[in-house]
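Structure first, then comments.
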Amino acid sequence: MAYEQKIEVNLGHRPGLKSMRQLDPAAAAQARVENTGFSLEAVRGRRTSRPQDLAGRNGFNAEHLDDFNVQLPSPLGVLADDVVTVEGRSDGRLDYTNFTVIMRASRRMALFTAVNIEGQQSVSVERSNDKWSLDCRIPGEFQLGEDLYSGNRLDRGHLVRREDPNWGPDAEVANGDTFHFTNCAPQMDTFNQREWLGLENYILQNARAWKDRCSVFTGPIFGASDLPYRGALIPRSFWKVVAFLADDGKPSTTAYILTQDKELEGLEAAYGAYKTYQRSVASIQKMTNLDFHGLAAFDGFSNEEAATGLEISAELVTLGAIRV
């Protein structure tokens, strides 16, 4: 849907740490936290969407922020060969309503997701009787399904948060689209329902993006020490990159990592204490081997690292300490 109001975008702006401001800590109390736990279903085959169920989806729009063009990240090197092929496409895009998923074959989960958010047209869609499905457009062998999540503390963690693409006339369709296994990753219940959800709500409600518009990329950090479980490898950390326009039209980006600080000994044991860090977009590029096409230039942390040669990392003891 075209957005009528335009704003002059200052693409020459290059923020540094001194130009970043803390978000209002008082606004944290306004963040609406939704319990994203799921009741376990009996495993009855493999529920799969039909081609007609997903026809005509628009997917992620790189021009959502007008002149601030925010492209999908590009996998580099051998990672590019690990993208699941989608019939009729050369880029591996699985398009849904207002968001897109790129799948990683060897891990059977999303390499990353990308969503456009439009707060002014947001529609509240009631959550009930969630039905998770495999995506018929790629082989089931490249998707982790219901059998991974039954009888344990793993949540089907939305990578694109359920509410994020629910805007415009197709909000209810978007809501249903988020319940594809391509859009979830195995996350321990306490992690999914507290730290991750809290960060999502807080940053997206406080970024002060123009008209509440922003574009968000999310994905796992795949590592050699990820936890083997039921034929899958459970990621130990997740990343998020947010691109938005500030009130004065200056393009801005910011990045985050949520991870645990203790080694996992087994799925039945409790995860170690999770910590949240604000990091540079440049560091996310290195960790993920994804090219974010110049977004690091609009991130104060990345510019500070380039100027000093030092790696910048800030632990967020409170979400009010986030700087944008």
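For the single chain, residues carry numbers from 1 onward in sequence order.
A distance-only check finds no donor-acceptor pair linking the side chain of Thr218 to the backbone of Lys240 [under 3.5 Å]. Counting only distance, with no hydrogens or angles, the side chain of His293 and the backbone of Val70 share no donor-acceptor pair below 3.5 Å. Between the side chain of Asp91 and the backbone N or O of Arg93 there is at least one donor-acceptor pair closer than 3.5 Å. A side-chain donor-acceptor contact under 3.5 Å links Arg57 to the backbone of Ala55. No donor-acceptor pair closer than 3.5 Å links the side chain of Trp239 to the backbone N or O of Ile257. Listed for the Asn289 side chain is a donor-acceptor partner under 3.5 Å among the backbone atoms of Leu76. Counting only distance, with no hydrogens or angles, the side chain of Asn116 and the backbone of His64 share no donor-acceptor pair below 3.5 Å.
Between Arg107 and Asp226, some side-chain heavy-atom pair lies under the 4.5 Å cut-off. The closest side-chain heavy-atom distance from Tyr96 to Val101 is below 4.5 Å. For the pair Val216/Val160, no side-chain contact is recorded, criterion being any heavy-atom separation below 4.5 Å from C-beta on. Proximity of Leu233 to Pro228: side-chain heavy atoms (C-beta onward) are separated by under 4.5 Å at one or more points. Considering only heavy atoms from C-beta on, Pro165 comes within 4.5 Å of Val115 through its side chain. In this structure the side chain of Glu311 reaches within 4.5 angstrom of the side chain of Glu305, judged on heavy atoms. Contact check for His180 versus Leu54: side-chain heavy atoms found under the 4.5 Å cut-off. Arg236 is not listed as a side-chain neighbour of Ile221, based on a closest heavy-atom distance of 4.5 Å or more.
Between the side chains of Thr178 and Arg162, not a single donor N or O lies within less than 3.5 Å of an accepting N or O. In the model, Gln278 has a side-chain atom that pairs as donor or acceptor with a side-chain atom of Thr254 under 3.5 Å. In summary, the side chains of Asn58 and Asp95 do not present any donor paired with an acceptor at a separation below 3.5 Å, with no hydrogens or angles considered.
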**Request:** Could you check Thr253 against Phe292 for side chain to side chain contact (heavy atoms under 4.5 Å, CB included), going step by step and ending with a plain yes or no?
**Result:** CA-CA 11 Å; Thr253 58; Phe292 283 86; over 6 Å; no
**Message:** Evaluate Leu79 against Arg104 for side chain to side chain contact (heavy atoms under 4.5 Å, CB included), listing each step before the verdict.
**Reply:** CA-CA 8 Å; Leu79 190 60; Arg104 184 172 182 179; 3.6 Å; yes
**Asked** Between Ser150 and Arg230, does a side chain to side chain contact (heavy atoms under 4.5 Å, CB included) hold up when you go through it step by step?
**Response** CA-CA 11 Å; Ser150 61; Arg230 294 187 182 179; 3.6 Å; yes
**Request:** Show your working on side-chain hydrogen bond (donor to acceptor under 3.5 Å, both in side chains) between Thr182 and Asp135 and close with a plain yes or no.
**Result:** CA-CA 7 Å; Thr182 49; Asp135 190 315; 4.5 Å; no
**Message:** Is there a side chain to side chain contact (heavy atoms under 4.5 Å, CB included) between Val86 and Met103? Walk through the geometry before answering.
**Reply:** CA-CA 9 Å; Val86 178; Met103 292 290 291; over 6 Å; no
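Trp167 is not connected to Val173 by any chain of hydrophobic side-chain contacts under 4.5 Å among Ile, Leu, Val, Met, Phe, Trp and Tyr, and they are in different clusters. In the hydrophobic clustering of this structure, Leu11 groups with Leu295; members are Ile, Leu, Val, Met, Phe, Trp, Tyr whose side-chain heavy atoms approach within less than 4.5 Å, directly or through other members.
Using the six-membered ring where Trp is involved, Phe60 and Phe217 have ring planes that are tilted, between 30° and 60° apart. Note on ring orientation: taking the six-membered ring where Trp is involved, the planes of Phe179 and Trp132 are perpendicular (angle over 60°, cut-offs 30° and 60°). Using cut-offs of 30° and 60° on the angle between ring planes, the pair Phe181 and Tyr149 is parallel.
A cation-pi arrangement, defined by a distance under 6.0 Å to the six-membered ring centre and an angle within 45 degrees of its axis, is absent between Arg213 and Phe244.
Separation of atoms CG (Asn61) and OG (Ser215) is listed at 7.5 Å; rounding is to 0.5 Å. Here CZ of Phe68 is found 11.0 Å from SG of Cys214. Values are rounded to the nearest 0.5 Å. Glu163 CD to Asn175 CG: the interatomic distance, rounded to the nearest 0.5 Å, is 8.5 Å. Between atom OG of residue Ser122 and atom CD1 of residue Ile117 there is a gap of 9.0 Å, rounded to the nearest 0.5 Å. From Ser49, atom OG reaches atom CZ of Arg137 across 7.0 Å, with rounding to the nearest 0.5 Å. Distance OG/Ser106 to CZ/Phe222: 7.5 Å, rounded to 0.5 Å.
Heavy atoms only, all atoms of each residue included: Gln143 and Leu134 are closest at OE1-CA, 3.4 Å. Across all their heavy atoms, Leu111 and Pro220 have their closest contact at O-CD, 3.9 Å. The two residues Val281 and Ser302 come nearest to each other via the heavy atoms N-OG, 3.1 Å. Of all non-hydrogen atoms in Ala297 and Pro15, the two that sit nearest each other are O-CD, 3.7 Å. Here the shortest heavy-atom pairing between Asn303 and Ala296 reads OD1-O, 3.9 Å. A pairwise comparison of heavy atoms in Ser313 and Arg279 identifies OG-CD, 3.1 Å as the closest pair.
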